[in-house]
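Okay, so here's the structure we're looking at.
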Amino acid sequence: MSTQAEIDQKFLQLALEQAKKGYSENGIPIGAVLVSADGKVLGAGHNQRLQKGSAILHGEMDALEKAGRLPGSAYKGATMYSTLSPCNMCTGACLLYGINRVVFGENKTFVGGEDLLRSKGAEVINLENEECYDLMQKFIAERPQDWNEDIGV
């Protein structure tokens, strides 16, 4: 039987695969996976703001979009996995749908709405994954203007 830490690592790796896919498309390398309470992947996505000219298509938003319309009960007990600490927009989406567990790869690059999530009772876990961090640092070094645009600078 797998431990929760092993399960978290497994799904973070799926999010990281999504981030790498985004990077290979010349996009911002942030990936996310929404997983139900029983361990089923509901949606997987990556930041596509550049690829689709979107103002809102962050990784978490893409994962929610790929999950499609779901009853509210589908989000209860679900976990959002992301390669990066979720921004305020993505934090708000998690809170809106009652996603009460958020696991991310790193927050050295960017600290999002972690305190807001905690204040609303969500469990927030930083896995401090070096591969997630290294990928973001590589992207930012190559394309700082695209990163700044993504975070509203």
Side-chain angles (χ1 to χ4, degrees), residues 2-20 22 27-50 52 54-137 139-140 144 146-153:
S2 297
T3 67
Q4 187 61 57
E6 291 168 335
I7 293 167
D8 287 346
Q9 290 294 334
K10 171 186 154 186
F11 287 121
L12 180 65
Q13 285 304 307
L14 292 178
L16 187 54
E17 288 173 18
Q18 287 291 316
K20 289 176 182 177
I28 298 161
I30 302 169
V33 179
L34 179 63
V35 178
S36 68
D38 64 357
K40 178 184 174 199
V41 173
L42 300 173
H46 56 280
N47 187 306
Q48 295 191 64
R49 290 188 70 247
L50 300 176
K52 294 193 174 182
S54 171
I56 62 169
L57 207 48
H58 284 189
E60 298 90 341
M61 302 299 275
D62 191 38
L64 287 165
E65 178 71 17
K66 298 264 175 55
R69 284 184 64 196
L70 298 171
S73 60
Y75 302 102
K76 306 307 178 216
T79 299
M80 178 66 78
Y81 291 89
S82 179
T83 56
L84 186 64
S85 177
C87 74
N88 288 333
M89 175 178 66
C90 296
T91 292
C94 288
L95 292 173
L96 175 68
Y97 290 108
I99 299 166
N100 63 359
R101 189 166 187 270
V102 178
V103 177
F104 53 87
E106 63 105 352
N107 69 355
K108 290 189 281 186
T109 300
F110 177 82
V111 177
E114 298 168 32
D115 289 340
L116 179 58
L117 286 163
R118 286 185 193 98
S119 76
K120 299 295 185 181
E123 181 181 6
V124 177
I125 299 169
N126 180 359
L127 295 179
E128 299 179 15
N129 181 284
E130 285 301 313
E131 193 174 359
C132 292
Y133 176 75
D134 291 344
L135 182 58
M136 284 305 303
Q137 295 311 299
F139 174 78
I140 292 168
D146 289 332
W147 170 243
N148 288 336
E149 177 190 318
D150 194 61
I151 59 172
V153 175

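Reckoned from all heavy atoms, side chains included, excluding hydrogens, waters and symmetry mates.
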So, for Ala15 and Tyr81, which heavy atoms are closest and what is the spacing to 0.1 Å? CB-O, 4.1 Å
Work out which heavy atom in Asn100 is nearest to a heavy atom in Ala78; give both atom names and the distance. OD1-O, 3.6 Å
Can you confirm whether more than 12 heavy atoms, excluding those of Glu65, are under 6.0 Å from its CD atom?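 Not more than 12 within 6.0 Å, no.
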If you count the non-hydrogen atoms of other residues, nucleotides and ligands that lie under 6.0 Å from CZ in Phe110, is the total more than 12? yes
Could you give me the CA-CA distance, side-chain angles and deciding distance for Asn129 and Glu106, then say whether side-chain hydrogen bond (donor to acceptor under 3.5 Å, both in side chains) is met? CA-CA 6 Å; Asn129 181 284; Glu106 63 105 352; over 6 Å; no
Do side-chain atoms of Arg49 reach the backbone of Leu57 as a donor and acceptor pair under 3.5 angstrom?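 Checked: no pair found.
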Taking the side chain from Thr91 and the backbone from Pro86, do they hold a donor-acceptor pair closer than 3.5 Å?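 Judged by distance alone, yes, a pair lies under 3.5 Å.
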Any Lys/Arg nitrogen of Lys120 or Asp115 sitting under 4.0 Å from an Asp/Glu carboxylate oxygen of the other?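 A salt bridge is absent here (no side-chain N lies under 4.0 Å from a carboxylate O).
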Taking NZ, NE, NH1 and NH2 as the nitrogens, is one of them in Lys10 or Glu6 under 4.0 Å from a carboxylate oxygen of the other? no
Using the rule given for side-chain hydrogen bond (donor to acceptor under 3.5 Å, both in side chains), can you reason through Thr109 versus Gln137, listing the C-alpha separation, both sets of side-chain angles and the distance that settles it, and then say yes or no? CA-CA 7 Å; Thr109 300; Gln137 295 311 299; 2.8 Å; yes
Roughly how far apart are Leu117 CG and Ser85 OG, rounded to 0.5 Å? 8.0 Å
How many angstroms lie between atom CD of Gln18 and atom OG of Ser82, to the nearest 0.5 angstrom? 11.0 Å
Evaluation steps, side-chain contact (heavy atoms from CB on, under 4.5 Å), between Leu116 and Glu114: CA-CA 5 Å; Leu116 179 58; Glu114 298 168 32; over 6 Å; no
Could you go through Val35 and Leu42, starting from their C-alpha distance and side-chain angles, then the distance that decides it, and tell me whether this counts as side-chain contact (heavy atoms from CB on, under 4.5 Å)? CA-CA 5 Å; Val35 178; Leu42 300 173; over 6 Å; no
